[in-house]
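Working notes, structure below.
Atom set for the values below is all heavy atoms of this structure, side chains included, hydrogens, waters and symmetry mates excluded. Each chain gets a letter, A, B and so on, in the order its sequence line appears, and its residues count up from 1. Note that the structure is a prediction, hence the values are computed from the model and not measured.
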Protein chains: 2
Amino acid sequence: MKIIDKKSHNVILMLNLSYTEENYLKSIYHLSKGGKLEVTTNAIADNLKTKAASVTDMMKKLASKNVVNYQKYKGVNVSEEGKKVALLVIRKHRLWEVFLVEKMKFNWDQVHEVAEQLEHIKSSLLIKRLDEFLGYPKYDPHGDPIPDENGEYKATPQIPINEINIGHEGIIVSVKDSSSPFLQYLDKIGAYIGAKIKVLDKVDFDGSNEIIIDNKRTISISKQVSENILISES
Amino acid sequence: MKIIDKKSHNVILMLNLSYTEENYLKSIYHLSKGGKLEVTTNAIADNLKTKAASVTDMMKKLASKNVVNYQKYKGVNVSEEGKKVALLVIRKHRLWEVFLVEKMKFNWDQVHEVAEQLEHIKSSLLIKRLDEFLGYPKYDPHGDPIPDENGEYKATPQIPINEINIGHEGIIVSVKDSSSPFLQYLDKIGAYIGAKIKVLDKVDFDGSNEIIIDNKRTISISKQVSENILISES
DNA sequence: TATTAGTTTTAGACATACCTAAAACTAAAC
DNA sequence: GTTTAGTTTTAGGTATGTCTAAAACTAATA
């Protein structure tokens, strides 16, 4: 269906994609790292827990709708139009995650399944109002950036704790050292991906940092540890 | 799938009904006035804008899942289990409508379409928290009662304005017609759920009613309009 | 009671999204 | 250049929910 936007007089393609088609686009967008890499059939099948043959069928359909660029045996990627769809779904997913954690008091590990459903609700007004209601958040509870209405977002700068200034806070998004002893140490102190960290104090002579985790647990971590925990500042 | 409820030790049938099946149950529940009347195939087809043949197919399927009582040519009704499903969907629909109006600043006439989608989100925790977040509302923005977790609600005696005697007054609790044009008309004349209405005069020859809204605005409404505004007399 | 109009069901198709199994293709090893 | 292992596509089939057209049934009228 082609409709004319009365304001811009541009031709807009009204894409009415199914829940399933939206999920495929989102998967391809993620696997291609935002459209940068070609994605294989098997990678999509693994990601969506389906079979390669089903993926091939869907690629033909999405190609016919011009939301992916697909050539037999040559892999697939999102088209410009498909990228917009994927980014809108991601925007909705992450806004709903913020809503669930901030307003519905969900834990960060309870939000994903429900957000997978909510991301397909079709109402541009709702998304606009939800964004406003939540105070135009830039990051979701996992520290991932929320695309704006135009699909634009800045990649999260990931900063080690030792580079965060006193009083600043953020979310643990990654670790540099993923050895077992280090991860066990993180577990012991109650640090995990998604945990909220605030830097309370920095000790000059040994480079250690005093931090509070999830506004609950105050702890001092060594310079070495603080260099290996990456934070997305908020 | 049968699971055992740890608290009650009762066997619970985990019904995983589709979006479509839920809509059929809701429709049958409404058309049967809460399970009181037998519902015909054509009535369901009209209500869901589908065809009688499709309804028959679905009735067989819902009967096999024990959520409706169905006998060929004899009409259909919700079973006890089906009634629970229908009431949960209605509860979710109405809670989301309150959310959209109170928190998302939607107008009355904008909520229905979106609530039709949101009512199928599967998360009992979300509904519990949403209910809490909204302050345990008893009525939706159209004045319809919201069933509690057990599916119970009290029906308010709702009387159309044309049946209210001269000099009597009450509160608008609901509307029969919830089409966009009608809701916009109500908005225009300053009528809303919760508004105080007093019937000042009734004109016999055309059935129109002269009313005063909130002791401020005196207006004449047609017979048609007065039949579609429901009042709780006080 | 027989007819008939309207309702409901059945039969057979279609689209979506999935599957398995076999065929086609790619790319790397020999 | 062949072989081969792995990937991808095709072919054909399944389940869901829809449809049209025809058959079956109900209930009201003659």
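Side-chain nitrogen and oxygen atoms of Lys60(A) include at least one within less than 4.0 Å of the OP1 or OP2 phosphate oxygen of dT10(D). Under 4.0 angstrom from either OP1 or OP2 of dT10(D) there lies at least one side-chain N or O belonging to Lys72(A). At the phosphate of dC19(C), OP1 or OP2 sits under 4.0 Å from a side-chain N or O atom of Ser54(A). Taking 4.0 angstrom as the limit, Lys51(A) places none of its side-chain polar atoms (N or O) nearer than this to OP1 or OP2 of dC18(C). Within the 4.0 Å cut-off from OP1 or OP2 of dT9(D), at least one side-chain nitrogen or oxygen of Thr41(A) is found. Within the 4.0 Å cut-off from OP1 or OP2 of dC19(D), at least one side-chain nitrogen or oxygen of Thr50(B) is found. Look at Asn42(B) and you'll find a side-chain N or O under 4.0 angstrom from OP1 or OP2 of dT8(C).
Ile44(B) has its CD1 atom 14 Å from the P atom of dT7(C), to the nearest Å. Asp46(B) has its CG atom 10 Å from the P atom of dT8(C), to the nearest Å. Residue Lys74(B) contributes atom NZ, which lies 6 Å from atom P of dT26(D) at whole-angstrom precision. In this structure, Tyr19(B) atom OH and dT18(D) atom C1' are separated by 16 Å, rounded to whole Å. Straight-line distance from the OH atom of Tyr24(B) to the P atom of dT16(D): 14 Å, rounded to whole Å. If you measure from atom CE of Met59(B) to atom P of dT18(D), you get 10 Å, rounded to the nearest angstrom. Taking atom CG on Asp57(A) and atom P on dT20(C), their separation rounds to 13 Å, with Å as the unit. Atom pair Tyr70(B):OH and dT7(C):P shows a separation of 16 Å (rounding to whole Å applied).
Which of dT9(C), dT18(D), dT8(D) sits closest to the side chain of Met58(B) comes down to dT18(D).
Here CG of Asp144(B) is found 6.5 Å from CD of Gln158(B). Values are rounded to the nearest 0.5 Å.
The six-membered or imidazole ring of Phe99(A) lies near that of Phe99(B), with a centre-to-centre distance under 6.0 Å.
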Could you list the donor-acceptor pairs under 3.5 angstrom formed by side chains in residues 125-132 of chain A, with sequence neighbours left out?
residue, atom, partner, partner atom, Å
Arg129(A), NH1, Met104(B), O, 3.1
Arg129(A), NH1, Lys105(B), O, 2.8
Asp131(A), OD2, Arg91(A), NH2, 3.1

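Closest-nucleotide positions on DNA chain C for Thr20(A) and Tyr73(A) were compared, and the one nearer the 5' end corresponds to Thr20(A).
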For a side-chain hydrogen bond (donor to acceptor under 3.5 Å, both in side chains) check, start with the C-alpha distance between Asn47(A) and Ser27(A), then their side-chain angles and the critical distance, and finish with the verdict. CA-CA 7 Å; Asn47(A) 188 241; Ser27(A) 175; 2.5 Å; yes

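In this structure, Lys176(B) fails the cation-pi test against Phe182(B), since its NZ or CZ atom is not both closer than 6.0 Å to the six-membered ring centre and inside 45 degrees of the ring normal.
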